[in-house]
2 protein chains.
Amino acid sequence: MSQPTEHTPERPSGRAVPTSADVARLAGVSRATVSYVLNNTSAVRISEPTRRRVREAAEELGYVPHAAARSLRAGHSRMVLLPTSHVPVGPLYSQFFNEFQWALRRLDYTVVQYGSVGLEAEEAARAWAELRPVAVVSLGEVQLTGQGVEILKRSGARAVITLGTQGVEGTHALVMDQGRVGEVATAHLVESGRRRIGVVIPEEPGLAMFSGPRLEGARRAARGTDATVVPLPLRYDEESANELAARWRELGLDAVFAYNDEYAMLLMRALQDAGLAVPEEVAVVGADDLLLGRLLRPRLSTVRIDMVLGRELAELVDRAVREPEAPPRTRSLLASQVVRRESS
Amino acid sequence: MSQPTEHTPERPSGRAVPTSADVARLAGVSRATVSYVLNNTSAVRISEPTRRRVREAAEELGYVPHAAARSLRAGHSRMVLLPTSHVPVGPLYSQFFNEFQWALRRLDYTVVQYGSVGLEAEEAARAWAELRPVAVVSLGEVQLTGQGVEILKRSGARAVITLGTQGVEGTHALVMDQGRVGEVATAHLVESGRRRIGVVIPEEPGLAMFSGPRLEGARRAARGTDATVVPLPLRYDEESANELAARWRELGLDAVFAYNDEYAMLLMRALQDAGLAVPEEVAVVGADDLLLGRLLRPRLSTVRIDMVLGRELAELVDRAVREPEAPPRTRSLLASQVVRRESS
DNA sequence: ACGTGCCACTGACACGTGTAACTAGCCCGT
DNA sequence: ACGGGCTAGTTACACGTGTCAGTGGCACGT
């Protein structure tokens, strides 16, 4: 998109791409008539024979309207911009994401994913604004600033929605309360009589957005009790897990909240291989309620996260677009609930 | 995108969105000068003081160029269209996909994901053509026809790339040879002395694209030997797995290729719970080489699938765009290799 | 005085589309 | 004969941008 070339390149297959003017010429009518016919404009009456001639001409030439020209003329589009992340998200999130896209499309929006690798917040906002989207739904990779929001709104965006662990001024903020996940998990462990509680922090980049708040929530739950919380960095591989398990006794922990079920399964296996009894010596709690967690022995306790339906969020976007004056409101996106199985 | 509204809606925040003409007015120069300055056009010399005035005016107004107008004028864009699927794909595929997008962006393409839910092949092609992408990379959800390819090329697409289990005429076809996955898995089981081999077929919709060819490959491997292949429909939940395990003895199978590691883990657990010894009575092989498969006991044997790097594919797209006349060629995308662990 | 060349910039057009405003032709009532 | 209304269109403009061709103004050589 950056630097347009100097001259229009030749079409390889010889023929230029047909425009409505070509259709008009072939059908022997004016270009306006073509537009009226092809858009089924009800205010203008065109005779049936003419309509047929136009349609046939369009068909013969393989005419397809030019979306850019159309939205330029119209002064607005129905594009919803979704800055994409390259975060290695889990199945829960990606299912939500797919459903969200699908629902937006049902509402006749054009969903455009646009990545902004290595761009500053304001720079990214400017790049997005070039596309003149009617709405921007930021999914957290780029932390949108108030300045960035201003740029977007000035460029015609009727709604800016942020989805993240905390709200952004001037936007419809959808807050995924990750802290709550850590909180309920830890509270559950404390209530079960555990006192020294480890919290796994994935070392994989891009997950800090989630793991930080979860740790914070765990600390919140421990506050006011005699339990303590210990952060445990962990890579998602067996070596790292075995290493952590090997120094488990010196850490003196009797429970662990393992970020999610995948890390929990990895760590639980390493603990068992190191000779620690689960849940007698160590209680293990994951998150996301994956099916696979139920296959282990003992069955993995977990935090079930009920994410808002993609469809609901799509409707919220639609409302925000139609009523741009409505005051932006912050809303919580997920409910967390412990599912106790055998590992805790 | 479909039906533009009748009149331009008022901008809510009062001020209209600034154009280069506004910048020109404020800076006291012509619009052409603004364009030259902001695009750093080297062929035209503009004095430094003027440049500064223009930049300051643009900054003050918060001017952002209009991508649609720009590409309309230029006659082409650098948009790569990626029709998205809502298929519940695994981590392997989604990692590839992310990397692919990222690499395209590094090559200065604008990646647009555009879903076409419930559209016919030709209808979808027409919708894509409206956006005048420079390339289309179809990932298999919509089976592109020769007719559809023709529409896209006529609309100016310089490259059409299909990614699927089989090629499409007139396109650069990237074939993911799923059959090979089933073939190597089954060959391995046969060589290990197994004779009655089950092949799990997920009942989840959208996976048929992969499971069909894998079954076919398994049959190919069994041909010419005295081994037989039995398809086993399975839902991804415990009930379905238990049900299948319960009638295992009457099926008389001594091995199973379970589509992928997740289904394999699910089924293996159910078999063990039903009192069958793995691998003594039943050998189990998955696919995808997930980390979690190594955590089970016995460790899960699997088929490791080396997918082409997203970066490589992005470079192929770039080449195809720059040399549209080069003959479309079909290329295989993945290599499959058995990783024998303990479950087979 | 005058042509030449350079500098710094401007005027005008094109891209493809949608639609408001207008018009030519016809019928009809008075 | 003439205005009015309907039908079936057409003409003309606007959207925001990039860029070719042109144009004053100035210095300079003769």
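To find a chain, count down the sequence lines: A is the first, B the second, and so on, and within it residues start at 1.
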*Return each pair, listed once, that meets side chain to side chain donor-acceptor pair (under 3.5 Å) where at least one residue sits in residues 47-59 of chain A; pairs must be two or more places apart or across chains.*
Ser47(A)-Thr50(A)
By side chain to side chain donor-acceptor pair (under 3.5 Å) - contacts of [X] (at least two apart):
X: Thr330(A); answer: none
X: Glu312(B); answer: Arg331(B)
X: Thr41(B); answer: none
X: Gln113(A); answer: Gln101(A), Gln113(B)

_Non-neighbouring partners of Arg25(B) that pass salt bridge (Lys or Arg N to Asp or Glu O under 4.0 Å), sequence neighbours left out_ = Asp22(B)
How many whole angstroms separate atom [atom1] of [X] from atom [atom2] of [N]?
X: Arg70(B); N: dG16(C); atom1: CZ; atom2: P; result: 18 Å
X: His76(B); N: dG18(D); atom1: NE2; atom2: C1'; result: 12 Å
X: Leu38(B); N: dG18(D); atom1: CG; atom2: C1'; result: 12 Å
X: Glu130(B); N: dG16(C); atom1: CD; atom2: P; result: 15 Å
X: His66(B); N: dG16(C); atom1: NE2; atom2: P; result: 17 Å
X: Asp22(A); N: dT17(C); atom1: CG; atom2: P; result: 9 Å
X: Arg45(B); N: dC7(C); atom1: CZ; atom2: C1'; result: 8 Å

Is the phosphate of [N], meaning OP1 or OP2, less than 4.0 Å from a side-chain N or O of [X]?
X: Ser35(A); N: dG18(C); answer: yes
X: Ser47(B); N: dA8(C); answer: no
X: Thr41(B); N: dG18(D); answer: no
X: Thr50(B); N: dC9(C); answer: yes

_Most 5' of Leu72(B) and Glu48(B) on DNA chain C, judged by nearest nucleotide_ = Glu48(B)
*With distance as the sole test, does Arg78(A) use its side chain to make a donor-acceptor pair with the main-chain N or O of Asp108(A) at under 3.5 Å?*
yes
*Does Gly170(B) offer a backbone N or O that forms a donor-acceptor pair with the side chain of Lys153(B) under 3.5 Å?*
yes
Could you tell me which residues satisfy side-chain contact (heavy atoms from CB on, under 4.5 Å) with [X], sequence neighbours excluded, listed by chain and number?
X: Leu72(B); answer: His66(A), Ala69(A), Leu72(A)
X: Arg311(A); answer: Glu99(A), Ala103(A), Leu309(A), Glu315(A)
X: Gln147(A); answer: Glu122(A), Thr145(A)

*Output the residues of residues 51-64 of chain B in contact with DNA chain D, where contact means a heavy atom of the residue under 4.0 Å from an atom of the strand; sort by number or write none.*
Tyr63(B)
*What's the closest nucleotide to the Pro65(A) side chain, out of dG16(D), dT17(C), dT7(D)?*
dT17(C)
Show me the protein contacts with nucleotides 11-14 of chain D, counting only N or O atoms at under 3.5 Å.
residue : atom : partner  : partner atom : Å
dA14(D) : N3   : Arg73(A) : NH1          : 3.4

*Side-chain donor-acceptor contact under 3.5 Å, Thr162(A) with Thr171(A)*: yes
_Let me test you: for the helix from dA1(C)-dT30(D) to dT30(C)-dA1(D), what is the angle between the axes at its two ends (five pairs each), rounded to 10 degrees?_
80°
